[in-house]
Amino acid sequence: MAQLAVHNDIISKIIEPGSRVLDLGCGDADLLAWLADNKNVDARGVELDAQKVQRAISRGVSAYQGDLEECLHDYPDEAFDYVILSQTLLEVRQPLKVLKEMLRVGKRIIVAFPNFGHWSIRLAHLFTGRAPKNKLFPHDWYDSPNIHFLTVHDFEMLAAKESWTMERSIYLAGAEPLKLFPNFFAETAVFLIRR
Amino acid sequence: MEVETQYTQFDSLNLDCGVTLNPVDCAYQTYGQLNTNKTNAILVTHAFSGDAQAAGIDKDTGQKGWWDNMIGPGRAFDTDKYFVICSNVLGGCKGSTGPASLDPATHRPYGMGFPVITMADMVRLQKKLIESLGIKKLLAVAGGSMGGMQALQWAVQYPDAVAAAIPIATTARHSAQQIAFNEVGRQAVMADPDWNGGEYYIGRPPARGLAVARMVGHITYMSDESMRQKFGRRTRENDDIFEVESYLRYRGSQFVDRFDANSYLYITKAMDLFDLTHNGDMTLTAALESATTRFLVISFTSDWLYPSYQSQEIVNALRRRNHDVAYCELESNYGHDAFLVEVKEQSELVRGFLAKTFKGMNR
């Protein structure tokens, strides 16, 4: 299962029926359309790509075409039960500002990203001496949308520094959850956080 | 689909300016069938020069409706599912009461004696029509340009009577540039001696002035790119005039046959007066406070007459209240005309949005 599908699967289990959900970087709204149909959520999305927004709206999802970093401040406090940032954390210019804004507009936030501390990344860097490129980080350095790279450990340190409450931390190798040495073995992680 | 305009009359209509029109006529067309719960009615609102014929082929003139590519069986506004209504606006000249109508007090056309009308007045007449059809709550109000202004006005004025609004290529308040172009048009009409202070119904209409006004209008509806593609620097065969000149002249002269010059003055003024914030008395967010409808807002990349930032203003104001709003800026070279031309993308958006709204309304 692809990274996105695994994360969508986990996120869709976390979210309670009837919730108000905002998905930042919602793409075609695969997740939101599923949540709307199966969990009766009030589904909103933000997406920069016009064609993806078109598909999202045509599926009945209220998607907004815009830059998530520019639009978040418009939403009132605690407007949503969940605000989701899946895959997109590495692409935003000011991750901390975005995370803080998410925690303002959402009662809880869900953040999912690939782990730059995974052993395969460490080994690739050590032995090839090149910027790592594999299934977790599939882009060449010159055409990657990612502008920040972080490990599971990095994220948890930030959360501790900001005193966020980590309600759930899910570490994954493929679709399988794991417990031991997540910063070394987790390919991706999904966090459920509140202020 | 063969269609026919219907006419209805109401005893009176109170206007923003304090005047009461009595009686008042309303020309309209309908497509599809109203369901038994009366929950599938959509009001489509026309742009500046449109009329009640939004779809189908007129059985007398053979003319196609102005949004025919969007309305019909299987189309965006699917007449197999929805009951679609379109009426000529108040102040118009296609069957609804306007400056060319007879003033019952004088038994002569109103002319410049017609009261100043607003977007709210147009919507008030539409509400009367909807009520007369036995509809308590519309599934949606949808329209482009001035039609979009009416959709916004509906959401603010009658929030309980409409479940969704689809304002396309429009604004919540006319800008200085938009007012400026309208003023050029009005001055062109009034500079024509045949206009005669609006008293031309027994003489010659101000055809030259109205044609010039329309020519300016058409420039603003296109884009640099679409004009380059459509005309370039081509000239007409055996003729010394550019294609673009010929096109504008043709459009201008054609318009004179189908539009009343005084209607031009009154309707453009109603657009210029349109400002949901009441001249900045309130924020747009506050202005939209009463709105409970869902929104689908659409703009087009090359539309410089109603640029995307104006649609984004609406959307951002709604987002500040965490209102249910979908927004998409569609890629197009057609300028403001895009809302009449870009059918495929608009249809996808409208179809999904309406289906979701219909589901919510019939839960």
Enquirer: Of the backbone (N, CA, C, O) and the side chain (C-beta and beyond), which part of B:L296 lies under 4.5 Å from a heavy atom of chain A, both, or neither?
Expert: side chain

Enquirer: Against chain A, label B:R321 side chain, backbone, both or neither, depending on which of its atoms sit under 4.5 Å from a heavy atom there.
Expert: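 For B:R321, the backbone is the part near chain A, not the side chain.
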
Enquirer: Mark yes or no for whether B:T170, through its side chain, and B:P167, through its backbone, hold a donor-acceptor pair below 3.5 Å.
Expert: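 No, the answer is negative, given that no donor and acceptor are paired below the 3.5 Å cut-off.
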
Enquirer: Check the angle between the aromatic planes of A:W164 and A:F155 and answer parallel, tilted or perpendicular using the 30° and 60° thresholds.
Expert: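 The rings of A:W164 and A:F155 sit tilted, inter-plane angle from 30° to 60°.
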
Enquirer: Is B:D324 salt-bridged to B:K356, going by a charged N under 4.0 Å from an acidic O?
Expert: no

Enquirer: Among side-chain atoms of B:S175 and B:Q178, is any donor-acceptor pair under 3.5 angstrom?
Expert: yes

Enquirer: Ignoring hydrogens and angles, state whether a donor on the side chain of A:Y82 or A:E16 is under 3.5 Å from an acceptor on the partner side chain.
Expert: yes

Enquirer: Suppose a student defines contact as a heavy atom less than 4.5 Å from any heavy atom of chain A. Which residues in residues 304-317 of chain B would they list?
Expert: B:V315, B:N316

Enquirer: What heavy-atom pair brings A:P145 and A:E91 nearest, and what distance separates the two atoms?
Expert: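 It is O-CG, 3.5 Å.
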
Enquirer: Relative to chain A, which segment of B:R351 carries a heavy atom at a distance below 4.5 Å: side chain, backbone, both, or neither?
Expert: neither

Enquirer: Between B:L330, B:N322, B:L349, which has the largest tally of heavy atom pairs under 4.5 Å with chain A?
Expert: B:N322

Enquirer: Give a yes-or-no answer on whether the side chains of A:E101 and A:H73 include a donor-acceptor pair shorter than 3.5 Å.
Expert: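 No - no donor-acceptor pair under 3.5 Å links their side chains.
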
Enquirer: Are any of the side-chain nitrogens in A:R108 or A:E167 under 4.0 Å away from the carboxylate oxygens of its partner?
Expert: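 A salt bridge is present here (some side-chain N lies under 4.0 Å from a carboxylate O).
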
Enquirer: Please state whether the rings of A:F116 and A:F149 are parallel, tilted or perpendicular, taking 30° and 60° as the class boundaries.
Expert: tilted

Enquirer: Quick one: which residue pairs count as a ring pair (Phe, Tyr, Trp, His ring centres under 6.0 Å) with a foot in residues 83-111 of chain A, not counting sequence neighbours?
Expert: none

Enquirer: Applying the salt bridge (charged side-chain N to carboxylate O under 4.0 Å, His left out) test to A:E78, which of A:R195, A:R20, A:R104 qualifies?
Expert: A:R195

Enquirer: How about residues 32-54 of chain A versus chain B: which residues have heavy atoms under 4.5 Å apart?
Expert: A:A36, A:D37, A:N40, A:R44, A:A50, A:V53, A:Q54

Enquirer: State whether a side-chain donor-acceptor pair under 3.5 Å links B:T39 with B:N35.
Expert: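 Checked: B:T39/B:N35 side chains pair up, N/O donor to acceptor below 3.5 Å.
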
Enquirer: Quiz question: by atom type and distance under 3.5 Å, do the side chains of B:S299 and B:Y327 form a donor-acceptor pair?
Expert: yes

Enquirer: Are B:R319 and A:Y75 in a cation-pi setup, meaning NZ or CZ lies under 6.0 angstrom from the ring centre and within 45 degrees of the ring axis?
Expert: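 Yes.
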
Enquirer: Residues of residues 331-345 of chain B under 4.5 Å from chain A (heavy atom pairs)?
Expert: B:E345

Enquirer: So, A:S120 versus A:H118: side-chain donor-acceptor pair below 3.5 Å or not?
Expert: yes

